[in-house]
Amino acid sequence: MSVATRVIPCLDVDAGRVVKGINFDDLRDAGDPVELARTYDAQGADELTFLDVTASSGDRATTYDMVSRCAEQVFIPLTVGGGVRTVDDVDRLLRAGADKVGINTAAIARPEVIAQIADRFGDQVLVLSADVRRRRDEQDRATGGFEVTTHGGRRGTGLDAVEWCARAADLGAGEILLNSMDADGTKDGFDLELVRLVREAVTVPLIASGGAGRLGHFAPAVDAGADAVLAASVFHYGELTIGQVKAALREAGHQVR
């Protein structure tokens, strides 16, 4: 039996407000996180992803009270990431109301933390949040391949993105949130090559993120291997609804909830 494709709105939060930019820069206000969470739950979102986009770069913890307020208002799974560094951080987020926890920067610094979290809470709790960009030279020319970044896309790591996703899955990551930094906020469509490459390398569920701009962008991401599609600005600014995306996926032959 085929598994239904999930449609997931993403709430990027900075200083208590949902924000959205292009390639993680030039952030502009998109609303109150609790209010938006309530709206998306009512629209039929399958899950919500809540990312504190400056928690790691600003060296501060995720806003736990905001997580609690969102969790009280919605009845669908909530994934929370940003500033997660330790097993204790995960424990605190789960107690605050998160169902799953995303980790990126800390996992790259200490890959063993992936196994530690999975061993304590189960791999179904752990989402590897991979912010990926195409490799480029000093003249900003594409050189082939993909690199993982940290600190909200602000720092390169030199790590091959496909190899890193495969390693993280082996260590215990139960799901991968694959965000194309090049496509983020552009509304030009998902990076289908990136999705295909990571799909070939891992068996865990894969969420495609970055680049959604119109209804025709979602089905190709699923065709490329995504188990779920994530978007932000097209939902926040009312350009598309969850129902419209699900209808487009269904029309393309994909099962949705």
Side-chain angles (χ1 to χ4, degrees), residues 1-12 20 22-23 30 36-37 39-51 74-79 99-100 102 124 127-134 146 161-162 165-166 169 173-257:
M1 185 176 70
S2 61
V3 178
T5 300
R6 290 168 289 149
V7 178
I8 306 174
C10 182
L11 287 72
D12 296 326
K20 194 57 194 165
I22 297 177
N23 310 126
L36 283 171
T39 297
Y40 296 140
D41 188 19
Q43 281 188 12
D46 297 300
E47 298 182 12
L48 289 172
T49 292
F50 169 91
L51 298 176
V74 302
F75 303 95
I76 52 178
L78 177 64
T79 299
D99 297 282
K100 295 186 281 188
Q124 77 284 350
V127 179
L128 178 77
S129 183
D131 293 334
V132 177
R133 68 186 179 197
R134 291 176 179 269
F146 295 90
V162 178
C165 288
E175 190 167 41
I176 293 173
L177 171 53
L178 185 63
N179 186 47
S180 168
M181 296 298 302
D182 301 303
D184 180 77
T186 65
K187 300 184 183 178
D188 291 332
F190 295 96
D191 191 323
L192 302 181
E193 179 188 2
L194 176 60
V195 174
R196 288 192 195 97
L197 288 171
V198 175
R199 174 76 289 162
E200 292 171 0
V202 305
T203 58
V204 298
L206 180 62
I207 304 169
S209 169
R214 53 186 175 84
L215 290 176
H217 287 154
F218 292 91
V222 181
D223 293 333
D227 300 280
V229 285
L230 179 147
S233 56
V234 291
F235 294 141
H236 299 339
Y237 301 119
E239 297 165 45
L240 299 175
T241 66
I242 305 296
Q244 288 174 327
V245 172
K246 287 191 173 186
L249 287 170
R250 194 178 293 112
E251 186 175 337
H254 298 294
Q255 182 179 344
V256 295
R257 295 173 184 171

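In this text the structure is predicted, and so the values were computed from the model without any measurement.
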Next on the checklist: Students often mix this up, so state it plainly: with edges at 30° and 60°, are the rings of Phe218 and Phe190 parallel, tilted or perpendicular?
Outcome noted: perpendicular
What pair of heavy atoms forms the shortest contact from [X] to [Y], and how long is it?
X      : Y      : result
Gly210 : Ala183 : O-CB, 3.5 Å
Asp227 : Pro205 : OD2-CA, 3.3 Å
Val234 : Ala212 : CG1-O, 3.4 Å
Arg250 : Val256 : NH2-CG2, 3.0 Å
Asp46  : Arg6   : OD2-CA, 3.3 Å
Ser233 : Lys187 : OG-CE, 3.4 Å

Next on the checklist: Quick one, Cys10 with Asp12, criterion side chain to side chain contact (heavy atoms under 4.5 Å, CB included). Give me CA distance, side-chain angles, the key distance, then yes/no.
Outcome noted: CA-CA 6 Å; Cys10 182; Asp12 296 326; 3.3 Å; yes
Sub-4.5 Å side-chain heavy-atom contact between [X] and [Y]:
X      : Y      : answer
Val245 : Leu215 : yes
Val195 : Glu193 : no
Thr186 : Asp184 : no
Asp41  : Phe75  : yes

Gap between atom [atom2] of [Y] and atom [atom1] of [X] - 0.5 Å precision:
X      : Y      : atom1 : atom2 : answer
Lys246 : Thr5   : NZ    : OG1   : 10.0 Å
Leu206 : Glu200 : CG    : CD    : 11.5 Å
Leu48  : Leu230 : CG    : CG    : 10.0 Å

Item to check | side-chain contact (heavy atoms from CB on, under 4.5 Å) partners of Ala45, counting only residues at least two apart | outcome: Pro9, Tyr40, Ile76, Ile242
Checklist entry - How would you list, by chain and number, every residue that makes a side-chain contact (heavy atoms from CB on, under 4.5 Å) with Ser129, sequence neighbours excluded? => result Asn104, Asp131, Leu177
Item to check | Val132/Asn179 under side chain to side chain contact (heavy atoms under 4.5 Å, CB included): CA gap, chis, key distance, verdict | outcome: CA-CA 6 Å; Val132 177; Asn179 186 47; over 6 Å; no
Checklist entry - Can Glu47 and Lys100 be counted as an ion pair, charged N to O under 4.0 angstrom? => result yes
Item to check | His217 and Asp188: CA distance, side-chain angles, deciding distance, side chain to side chain donor-acceptor pair (under 3.5 Å) verdict | outcome: CA-CA 8 Å; His217 287 154; Asp188 291 332; over 6 Å; no
Item to check | Criterion side-chain contact (heavy atoms from CB on, under 4.5 Å) against Leu178, the qualifying member of Leu194, Leu197, Ile207 | outcome: Leu194
Checklist entry - For Thr241 and Phe235, what are the C-alpha separation, side-chain angles and deciding distance, and is it a side chain to side chain contact (heavy atoms under 4.5 Å, CB included)? => result CA-CA 6 Å; Thr241 66; Phe235 294 141; 5.9 Å; no
Item to check | Leu11 backbone acceptor or donor facing His236 side chain under 3.5 Å | outcome: no
Checklist entry - By ring pair (Phe, Tyr, Trp, His ring centres under 6.0 Å), which residues pair with Phe146, not counting sequence neighbours? => result none
